[in-house]
2 protein chains.
Amino acid sequence: MNISRLKKRLSGDHDFKGHTILGSMCTEPHKMAVKTYKRFLSTNVGDPGLFPKLIQLETEYIASLGRLLSNDSAVGSVVSGGSEANILALWSARNRSEKGKREVIISETCHFSFDKAADLLGLQLIKIPVGNDYKIRVDLVEKAITDKSLAIVGIAGTTGLGVCDPIEELSKIAVKNNLYLHVDAAFGGFVFPFIDNSPKFDFSLDGVMSITVDPHKMGRAVIQSGCIIYRNREIAESINIDVTYLSGGRAKNRSVLGTRSGASIAASWMVYNYLGYKGYKKNIDRSMKLTYWFIDEIKKIDGLGVKVQPESNIVGLCASKGLDIKEILFKIRERGWAVSEWPDYIRITFMPHVTKRSLKKFLVDLRSIVQSLHGNS
Amino acid sequence: MNISRLKKRLSGDHDFKGHTILGSMCTEPHKMAVKTYKRFLSTNVGDPGLFPKLIQLETEYIASLGRLLSNDSAVGSVVSGGSEANILALWSARNRSEKGKREVIISETCHFSFDKAADLLGLQLIKIPVGNDYKIRVDLVEKAITDKSLAIVGIAGTTGLGVCDPIEELSKIAVKNNLYLHVDAAFGGFVFPFIDNSPKFDFSLDGVMSITVDPHKMGRAVIQSGCIIYRNREIAESINIDVTYLSGGRAKNRSVLGTRSGASIAASWMVYNYLGYKGYKKNIDRSMKLTYWFIDEIKKIDGLGVKVQPESNIVGLCASKGLDIKEILFKIRERGWAVSEWPDYIRITFMPHVTKRSLKKFLVDLRSIVQSLHGNS
């Protein structure tokens with residue numbers, strides 16, 4: 001067996017470098033991230049004594065993200081992705097709470113990793129409806145608080161529509177009621193800090209205890225790279241497990257994973273330092289420009305519209321005038337486009353690998369499908 | 001910033017390619033694994049509809065490992081490592097059990113991922129002492145069973161000494177008492193099948209419901225690559241979460257992670273098919289030969305010995321005649337060797353990256369340390 005034969009065997013799968021993936025939050029990593037990842041492929045910071053300088057790099061990277069998120073004393077880890085980070089956050093919240101507190105107040109639009117975390121950790125998600133803006137209804141959050149409440153979760157960049165929950169108000173409620181506030185900014189963490197006048201969602205808000213940020217989404221790092229960032233050391237250390245036997249010496253482990261890739265750290269650090277604030281801003285600007293251009297094009301198609309004015313580079317494409325969005329989804333997928341299915345809309349994500357050229361082709365297909373559906377009705 | 005500068009900054013960290021890491025269960029991955037991993041770096045099987053052929057490859061790989069472990073109908077996943085796999089196993093066991101069953105019977109020598117799993121899942125580990133052979137005492141396992149018992153865990157290749165619990169007897173007890181038996185073969189899964197007359201630990205034993213096997217240890221794949229292999233589909237599906245919104249279509253998710261590396265699958269598959277049974281056997285033979293050679297050399301050093309006759313390529317180095325093993329550990333680490341610390345022994349792992357040449361240098365240092373300690377006493 002060799003790689004050419006394997007490549008042949010796997011040909012036909014989608015590819016971020018191709019023009020077909022329009023509905024993923026992952027993307028082709030930045031070339032500097034790829035180069036760096038390759039170089040540190042075999043490193044394992046699960047045995048941190050072997051790689052003390054890589055651990056230093058992780059501390060530095062987390063501190064940089066902490067500063068980006070208005071917190072000079074942030075502590076955390078580069079983990080495997082948003083799911084692990086969200087589990088870690090609720091795990092910390094649970095382990096720090098009084099016994100019996102088991103309810104987590106969260107938007108009905110939350111990522112499925114929270115259902116997972118709740119099942120794993122024996123917690124109950126109290127799912128709150130969203131308003132017309134598709135953000136959690138703050139009035140209902142307040143009403144949902146009981147003496148079993150453990151935490152509130154706010155989402156900065158919802159999985160479906162990329163909007164930001166009113167974290168500022170959630171923070172006030174959390175402080176008032178002495179609840180742990182976790183912010184899932186897996187997507188938005190590398191978006192909102194680079195968009196002018198975007199909503200507040202970070203540690204500048206007193207209630208925010210931890211934030212999930214995924215470098216492997218808009219951070220342009222390599223799968224698997226997620227970050228959990230805690231307000232302070234004490235919160236981070238609430239789930240420490242002492243590991244005494246490592247070949248590099250004793251260590252504190254506080255990830256779900258044991259063996260942990262050092263390549264993820266090095267690559268995330270590299271692309272962050274290579275691009276810098278300006279580079280990320282340029283990337284997001286490009287994505288937002290594409291987003292707005294796409295919406296304008298959609299408005300020209302009779303019977304199509306968008307679910308909500310986007311706050312980030314995600315658009316919910318919906319149908320009107322008797323058109324069935326599921327039928328459009330089915331037909332557009334048939335033509336080879338990988339878009340994301342939601343109950344009453346199609347999600348398009350304007351990730352770095354998405355080009356205007358591929359969107360134009362997509363629009364040609366979309367127009368022709370809509371036309372034929374109009375003809376049928 | 002560029003990679004040369006980063007490499008310089010990180011120089012001084014240990015490296016599997018170097019000669020200093022003698023106490024890790026990770027290793028330098030096989031060159032075919034590295035090549036393949038690089039090629040599929042950006043693939044995400046967390047969105048399986050995008051990469052259906054990669055998912056096919058995963059199914060095929062898990063089936064191959066299933067056959068290696070005496071089970072033609074095995075089902076499972078390539079996950080991030082042994083910790084995730086062990087958590088998944090206990091999660092399945094818990095979700096399939098009657099309410100109230102919360103006790104897991106396990107050896108006191110278990111990997112720390114079980115403490116993690118127990119804390120996460122709200123389970124209680126009933127830790128059973130080991131006998132003179134450093135294997136779980138089966139008589140005490142039977143005595144520990146209560147109406148709260150949920151599962152038994154057997155270890156095939158203990159973290160400390162690489163020995164195999166009496167899984168055959170544990171299986172009989174599990175069947176008799178209708179308990180879930182999970183086998184943690186994170187290390188041994190890629191060792192024992194290639195050693196003649198090694199103990200039975202796999203699905204040929206009726207009680208075994210799931211097995212953890214780590215390709216990134218003796219499987220020579222790339223970090224992060226672990227496998228959870230279930231006896232049948234029904235067990236695997238007991239922790240399914242329905243994910244409806246993916247850009248490649250609907251999916252069942254049953255890993256802790258959401259975004260999941262396709263590169264791990266491709267690389268693990270490649271090295272397995274490239275080496276084949278013979279290739280792995282040759283690798284293990286080489287490691288076992290080094291292991292026995294090393295023990296012979298140790299026996300020549302006055303005041304040193306081994307904890308137990310090894311069943312795999314792991315040796316517990318201990319001291320006698322008034323020598324203090326901690327002092328030896330301290331001094332040998334001072335000389336740059338990364339060995340693993342245990343209460344009354346030093347663990348040496350004879351991984352593929354460990355060479356006779358480096359072991360000879362290590363023995364020179366060891367002899368000189370022991371000599372100076374004898375001189376002091």
Side-chain angles (χ1 to χ4, degrees), chain A residues 1 3 6-7 9-10 12-14 16 21 23-24 26 28-29 34-39 41-42 44 47 50-54 80-84 91 112-113 115-116 120-122 216 222-224 241 243-248 253 256-259 261 266 270 273-274 338-342, chain B residues 1 3 6-7 9-10 12-14 16 21 23-24 26 28-29 34-39 41-42 44 47 50-54 80-84 91 112-113 115-116 120-122 216 222-224 241 243-248 253 256-259 261 266 270 273-274 338-342:
Chain A
M1 182 49 64
I3 293 181
L6 181 60
K7 271 161 89 170
R9 211 193 123 168
L10 298 181
D13 275 4
H14 288 270
F16 290 112
I21 303 180
S24 175
C26 287
E28 187 64 24
V34 171
K35 272 190 190 175
T36 311
Y37 197 97
K38 286 176 181 172
R39 172 60 188 80
L41 199 57
S42 65
N44 164 29
D47 197 344
L50 293 181
F51 307 101
K53 291 186 179 169
L54 254 173
S80 59
S83 290
E84 186 181 1
W91 193 4
F112 70 86
S113 55
D115 295 286
K116 225 185 243 185
L120 270 169
L121 292 159
H216 69 215
V222 180
I223 291 166
Q224 350 249 14
I241 291 188
V243 190
T244 56
Y245 70 81
L246 295 172
S247 51
N253 179 288
V256 174
L257 276 51
T259 294
S261 164
M270 176 58 88
N273 283 281
Y274 184 82
V339 291
S340 175
E341 173 180 3
W342 290 79
Chain B
M1 182 50 63
I3 294 182
L6 181 60
K7 273 161 87 171
R9 212 194 121 166
L10 299 181
D13 275 4
H14 288 270
F16 291 111
I21 303 181
S24 176
C26 287
E28 188 64 24
V34 171
K35 273 189 190 175
T36 312
Y37 197 97
K38 284 177 182 172
R39 172 59 187 81
L41 197 58
S42 66
N44 164 30
D47 197 344
L50 294 180
F51 306 102
K53 291 186 178 169
L54 254 172
S80 59
S83 291
E84 187 181 2
W91 193 4
F112 70 86
S113 55
D115 295 287
K116 227 186 242 186
L120 269 170
L121 292 159
H216 69 216
V222 180
I223 291 165
Q224 345 251 32
I241 290 187
V243 190
T244 57
Y245 70 81
L246 295 172
S247 51
N253 179 288
V256 174
L257 276 51
T259 296
S261 165
M270 175 58 89
N273 283 282
Y274 184 83
V339 291
S340 174
E341 172 180 2
W342 290 79

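Proteins get letters first, then strands, A, B, ... in listed order; numbering begins at 1 in each. Side chains are part of it too, since the values below use all heavy atoms of this structure and drop only hydrogens, waters and symmetry mates.
The most heavy-atom pairs under 4.5 Å with chain A, out of B:Gly248, B:Pro52, B:Pro29, B:Gly122, come from B:Pro52. Heavy-atom pairs under 4.5 Å with chain A were tallied for B:Leu6, B:Val222, B:Ile241; the largest tally goes to B:Leu6. When A:Tyr37, A:Phe16, A:Tyr274, A:Phe51 are compared by the number of non-hydrogen pairs under 4.5 Å with chain B, A:Phe51 comes out ahead. Contacts with chain A were tallied for B:Ser24, B:Gly82, B:Gly12; B:Ser24 has the most, counting heavy-atom pairs under 4.5 Å. The candidate from B:Leu41, B:Asn44, B:Val34, B:Asn273 with the greatest count of non-hydrogen atom pairs under 4.5 Å with chain A is B:Leu41. Put simply, of B:Lys35, B:Glu341, B:Glu84, the one with the most heavy-atom pairs under 4.5 Å next to chain A is B:Glu341. Most heavy-atom pairs under 4.5 Å with chain B: of the set A:Leu54, A:Ile3, A:Leu120, this distinction falls to A:Leu120.
Every residue two or more places apart in sequence or in another chain that forms a side-chain contact (heavy atoms from CB on, under 4.5 Å) with B:Tyr245 is listed here: A:His111, A:Phe112, A:Thr159, A:Ser340, A:Trp342, A:Arg347, B:Val243. The side chain to side chain donor-acceptor pair (under 3.5 Å) search around A:Thr259 returns none, not counting sequence neighbours.
Going from atom SG of A:Cys26 over to atom CG of B:Leu50 covers 9.0 Å, rounded to the nearest 0.5 Å. To the nearest 0.5 angstrom, B:Thr36 atom OG1 is 10.5 Å from A:Lys7 atom NZ. Note: A:Gln224 CD to B:Gln224 CD = 6.5 Å, rounded to the nearest 0.5 Å.
The contact between B:Ile21 and chain A is made entirely by side chain atoms (from C-beta outward), counting heavy-atom distances below 4.5 Å. If you measure heavy-atom distances from B:Leu246 to chain A, the contacts under 4.5 Å come from the backbone alone.
No hydrogens or angles considered: a donor-acceptor pair under 3.5 Å links the side chains of A:Ser42 and B:Glu28.
The neighbour count for A:Lys53 NZ, taken as heavy atoms of other residues, nucleotides or ligands under 6.0 Å away, is above 12.
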